[in-house]
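The figures that follow rest on heavy atoms only: side chains count, while hydrogens, waters and symmetry mates do not.
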Amino acid sequence: MASAPAFADDGPQGSSAALPEKVSFLTTFGEEKCPEASDPEEIVVCATAPEGDRYRIPKNLRKDEEETQGSQSWTSAVESLDDEARPMRPNSCSVVGSGGFTGCTQAMLREWFAARRGKIAASP
């Protein structure tokens, strides 16, 4: 059995109702009132936001924490990347990688210098 498509009722005169020519989407801040439509054919839709958001970048345009940068210097970034890659290289004082056991003295010296600079707490 085939079904026929459903159509909207065109009204008593057989013509579709006229759609508004202009629709305005506005955001008001604080205690502002939504402006009235200037034309009877206009529809005005208002959203209310706190006064503190008036000069802020909208949430959908703000960058996430991962996207922001500049909180770390290049030297610190290189040091952290070196620390991540160190266990796989020789002279790393680890059981991973070729010659990893050879770097235990360098690891102790790195920790000592870091403690002197105040980056880590000195071990007792």
Side-chain angles (χ1 to χ4, degrees):
M1 175 178 233
S3 62
F7 294 101
D9 186 18
D10 289 338
Q13 298 164 342
S15 64
S16 63
L19 296 175
E21 291 183 19
K22 184 176 179 186
V23 178
S24 299
F25 295 97
L26 304 172
T27 303
T28 58
F29 296 94
E31 300 296 320
E32 291 179 345
K33 294 190 180 214
C34 186
E36 297 292 325
S38 59
D39 185 21
E41 294 294 319
E42 180 183 16
I43 294 177
V44 177
V45 179
C46 286
T48 304
E51 182 64 36
D53 288 351
R54 181 180 296 266
Y55 299 109
R56 291 198 62 179
I57 296 172
K59 284 185 181 182
N60 58 346
L61 298 178
R62 294 181 204 163
K63 292 184 179 182
D64 293 335
E65 290 296 321
E66 300 95 38
E67 294 176 324
T68 60
Q69 87 186 119
S71 61
Q72 187 179 28
S73 69
W74 279 104
T75 306
S76 298
V78 169
E79 275 183 9
S80 64
L81 290 174
D82 276 347
D83 289 341
E84 293 296 320
R86 185 167 281 120
M88 300 301 280
R89 297 190 308 227
N91 298 328
S92 63
C93 191
S94 71
V95 295
V96 180
S98 61
F101 64 92
T102 59
C104 292
T105 304
Q106 285 94 348
M108 287 188 313
L109 288 172
R110 272 194 307 274
E111 287 180 18
W112 184 78
F113 280 113
R116 295 271 299 190
R117 287 189 301 247
K119 287 189 173 183
I120 61 171
S123 45

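Counting Ile, Leu, Val, Met, Phe, Trp and Tyr side chains that sit under 4.5 Å apart, directly or through other members, Leu26 shares a hydrophobic cluster with Val44. Leu61 forms part of a hydrophobic cluster together with Ile57, judged by ILVMFWY side-chain heavy-atom separations under 4.5 Å. Grouped by direct or indirect side-chain proximity (heavy atoms under 4.5 Å, Ile/Leu/Val/Met/Phe/Trp/Tyr only), Phe29 sits alone.
Rounded to the nearest 0.5 Å, atoms CZ (Arg116) and CG (Leu109) are 12.5 Å apart.
Taking every heavy atom of both residues into account, Cys34 and Thr28 meet most closely at CA-CG2, 4.1 Å.
For Glu31, the CD atom sits in a loose shell: 12 or fewer heavy atoms of surrounding residues, nucleotides or ligands are nearer than 6.0 Å.
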### Task
With side-chain contact (heavy atoms from CB on, under 4.5 Å) as the test, would you mind laying out the steps for Phe113 and Arg117 before giving the verdict?
CA-CA 6 Å; Phe113 280 113; Arg117 287 189 301 247; 4.3 Å; yes
